[in-house]
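This report concerns only the one structure given below.
Side-chain atoms are counted along with the backbone in the values below, which use heavy atoms only and exclude waters and symmetry mates. All values derive from a computational prediction rather than experimental measurement. Along the sequence shown, residues carry numbers from 1.
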Amino acid sequence: MRSLIAMYQRIGLVPLIIIGLILGVFIGWLAPNVGIALGLLGTLFVGALKAVAPILVFILVMAAISQHRSGNEVYVKPVLIMYMFGTFLAALTAVGASFLFPTELVLVNATIEQVPPAGLKEVLTNLLMNLVANPVNALAEANYIGILAWAIIIGFALRQASDTARAVVSDFSDAISQVVKWIIALAPFGILGLVANTVAETGFAALAGYARILLVLVGCMLFIALVANPLIVLIKTGKNPYPLVFTCLRESGITAFFTRSSAANIPVNMNLARKLGLHEDTYSVTIPLGATINMAGAAITINVLTLAAAHTLGIEVTFASALLLSLVATISACGASGVAGGSLLLIPLAASLFSIPNDIAMQVVAIGFIIGVIQDSAETALNSSTDVLFTAAADPTYSR
């Protein structure tokens, strides 16, 4: 058994994930029943990540702040600026692509269980209410805004505690980090199950009817990941950004693509930030915060599908209204995690700017759920990998 574990560790996590991915495709394609059964591995993996992530964030942030001493630099502000600028740039990119490649939708009738927010005020209210949520409920419901708020407050309070108390918190932080490493080591099996189940259930032809809208969505996300984000990193660091970009896409984006959950990918990103040697006081805050407000992929989804609905209905979109849509999408995307259903359920809010009836907007949301197996995966991969990318770019320790 020890020799098998040693061989497993020697091969490396990323090659094993790629092997699991390829095996998952073939199993789901050639033996769908086996693929569906293997889906349990993916469910267990994602469940473990989601379960440990809230505790990890709470303990790491609390420990980092309680151990922090004046004179130690943190770099949260520049990361937040890059988060917001990157999301707005993604929204503008989606608008430009929608004008260059106008897409019409075949509207569908479907029942959407979730209720979309009534307006931007409700999105922001939800965000603020999450900030002051009961800390126990915040942990149980994975409310990362609330978790961060309470972890920061308790962390500052612990600065007045004894050295022994702070040492206990630090040791607990190390223990939780070790648990995360154990879970991440099982990622190849989780990816195998997720891919096999997805291919077995959807096949390769299920999304053919929505190929054009998917190409526009994924094309915008690839442009942000491979052109816009590297340009932001280049401006910030003055160095070739692509080694860092490809590292983040490989070690964070691949896992996020298949888990389809920014929250579940927080432990993966924390582990990557540690491997990159980033400042713990910074990444322990910016990584979980990024999972909540760094939503370039969500902004792209909102704008592309909203403008596709406008093109379908023959509504003229002016430059001013497109710019307003980009601003609304940027702000709304930041609150997407506070709304049940995420970015798709913010489409009716954006569609209201063009007086698109709510029943039509909800049909567009239904299309979003249909193509979600690819759209949501690509969106999560972009969002989550960018959290580490911008955190590393703002950290002089890495930039030097």
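Take Y242 and apply the ring-ring contact (aromatic ring centres under 6.0 Å, His included) test, not counting sequence neighbours, and it matches F246. Qualifying side-chain contact (heavy atoms from CB on, under 4.5 Å) partners for L215, counting only residues two or more places apart in sequence or in other chains: none. With sequence neighbours excluded, the residues forming a side-chain contact (heavy atoms from CB on, under 4.5 Å) with L192 are L23, I27, listed by chain and number. Partners of S252 under the side-chain hydrogen bond (donor to acceptor under 3.5 Å, both in side chains) rule, at least two apart in sequence or in another chain, are N265, N269. When the side-chain hydrogen bond (donor to acceptor under 3.5 Å, both in side chains) test is applied to T386, the partners found at least two apart in sequence or on another chain are N229. For the side-chain contact (heavy atoms from CB on, under 4.5 Å) test, residues two or more places apart in sequence or in another chain that qualify with I153 are W150. Residues satisfying the side-chain hydrogen bond (donor to acceptor under 3.5 Å, both in side chains) test with S321, not counting sequence neighbours, are T318. With sequence neighbours left out, T286 forms a side-chain hydrogen bond (donor to acceptor under 3.5 Å, both in side chains) with T391. N134 is linked by a side-chain contact (heavy atoms from CB on, under 4.5 Å) to V136, N137, counting only residues two or more places apart in sequence or in another chain.
Atom-to-atom distance recorded for D395:CG and F390:CZ is 15.0 Å, nearest 0.5 angstrom. To the nearest 0.5 angstrom, I147 atom CD1 is 12.0 Å from I152 atom CD1. One distance of note links CD1 of I374 with CD of E379; it measures 13.5 Å at 0.5 Å rounding. Rounded to the nearest 0.5 Å, atoms CE (M270) and CD1 (I176) are 12.0 Å apart. The distance from the CG atom of L249 to the CG atom of L389 is 8.0 Å, given to the nearest 0.5 Å. Here L272 contributes atom CG and L278 contributes atom CG; the two are 7.5 Å apart, rounded to the nearest 0.5 Å.
Looking only at side-chain heavy atoms (C-beta outward), I59 and M62 come within less than 4.5 Å of each other. Using a 4.5 Å cut-off on side-chain heavy atoms (C-beta onward), M221 and T301 make contact. Looking at heavy atoms from C-beta onward, E280 lies out of side-chain contact with R274 at the 4.5 angstrom threshold. Using a 4.5 Å heavy-atom cutoff, the side chains of T312 and V364 are not in contact.
With hydrogens and angles ignored, the 3.5 Å screen pairs a side-chain donor or acceptor of S326 with a backbone N or O of A322. Of the possible donor and acceptor atoms, one in the side chain of N383 sits under 3.5 Å from a partner among the backbone N and O of G297. No side-chain donor-acceptor contact under 3.5 Å links S384 to the backbone of T380.
Closest of all the heavy-atom pairs between A299 and A91 is CB-CB, 4.1 Å. When all heavy atoms of L89 and A228 are compared, the pair lying nearest together is CD2-CB, 3.7 Å. Between F45 and T255, the shortest heavy-atom distance links the atoms CE2-CG2, 4.4 Å. Taking each heavy atom of T93 and C220 in turn, the nearest pair found is O-SG, 4.1 Å. Between A378 and V218, the closest heavy-atom pair is CB-CG2, 4.5 Å. Closest approach of A393 to T237, counting heavy atoms only: O-CG2, 3.4 Å.
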> What do the steps show when you test T103 against L307 for side-chain contact (heavy atoms from CB on, under 4.5 Å), and what is the final call?
Replying inline: CA-CA 8 Å; T103 305; L307 291 175; over 6 Å; no
>> Before you tell me yes or no, could you show the steps for V169 and R166 under side-chain contact (heavy atoms from CB on, under 4.5 Å), namely the whole-Å CA-CA distance, both residues' side-chain angles and the distance that decides it to 0.1 Å?
In response: CA-CA 5 Å; V169 173; R166 291 201 304 273; 5.6 Å; no
> Please walk me through it: do L41 and N197 pass side-chain contact (heavy atoms from CB on, under 4.5 Å)?
Replying inline: CA-CA 10 Å; L41 293 175; N197 184 68; over 6 Å; no
>> Assess the residue pair Y283 and D387 against the criterion (side-chain contact (heavy atoms from CB on, under 4.5 Å)); give the C-alpha distance rounded to whole Å, side-chain angles, the decisive distance to 0.1 Å, and a yes or no.
In response: CA-CA 9 Å; Y283 74 71; D387 295 345; over 6 Å; no
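By the criterion of side-chain heavy atoms lying less than 4.5 angstrom apart, applied directly or through intervening Ile, Leu, Val, Met, Phe, Trp or Tyr residues, I287 is not grouped with I81; the two fall into different hydrophobic clusters. Clustering ILVMFWY residues whenever any of their side-chain heavy atoms sit less than 4.5 angstrom apart, transitively, puts L234 in a cluster other than the one holding V388. Linking ILVMFWY residues whenever their side-chain heavy atoms come closer than 4.5 Å, directly or via other members, places I154 and F156 in the same cluster. One hydrophobic cluster, built from ILVMFWY side chains closer than 4.5 Å, holds both I22 and F257. Neither L226 nor I235 shares a network with the other; the hydrophobic side chains, linked directly or stepwise wherever heavy atoms of I, L, V, M, F, W or Y lie under 4.5 Å apart, form separate groups for each.
Evaluated for a side chain to side chain contact (heavy atoms under 4.5 Å, CB included) with Q375, the options I300, V304, L217 yield exactly one hit, L217.
Atom CD of Q178 sits in a crowded spot, with more than 12 heavy atoms from other residues, nucleotides or ligands closer than 6.0 Å.
At a threshold of 4.0 Å, the pair E104-R212 does not count as salt-bridged, since none of the basic side-chain nitrogens sits closer than that to a carboxylate oxygen.
Residue pairs meeting the ring pair (Phe, Tyr, Trp, His ring centres under 6.0 Å) criterion with at least one member in residues 76-104, sequence neighbours excluded, do not occur.
Annotation for L40: hydrophobic cluster partners, listed by chain and number, are L44 (ILVMFWY side-chain heavy atoms under 4.5 Å, direct or chained).
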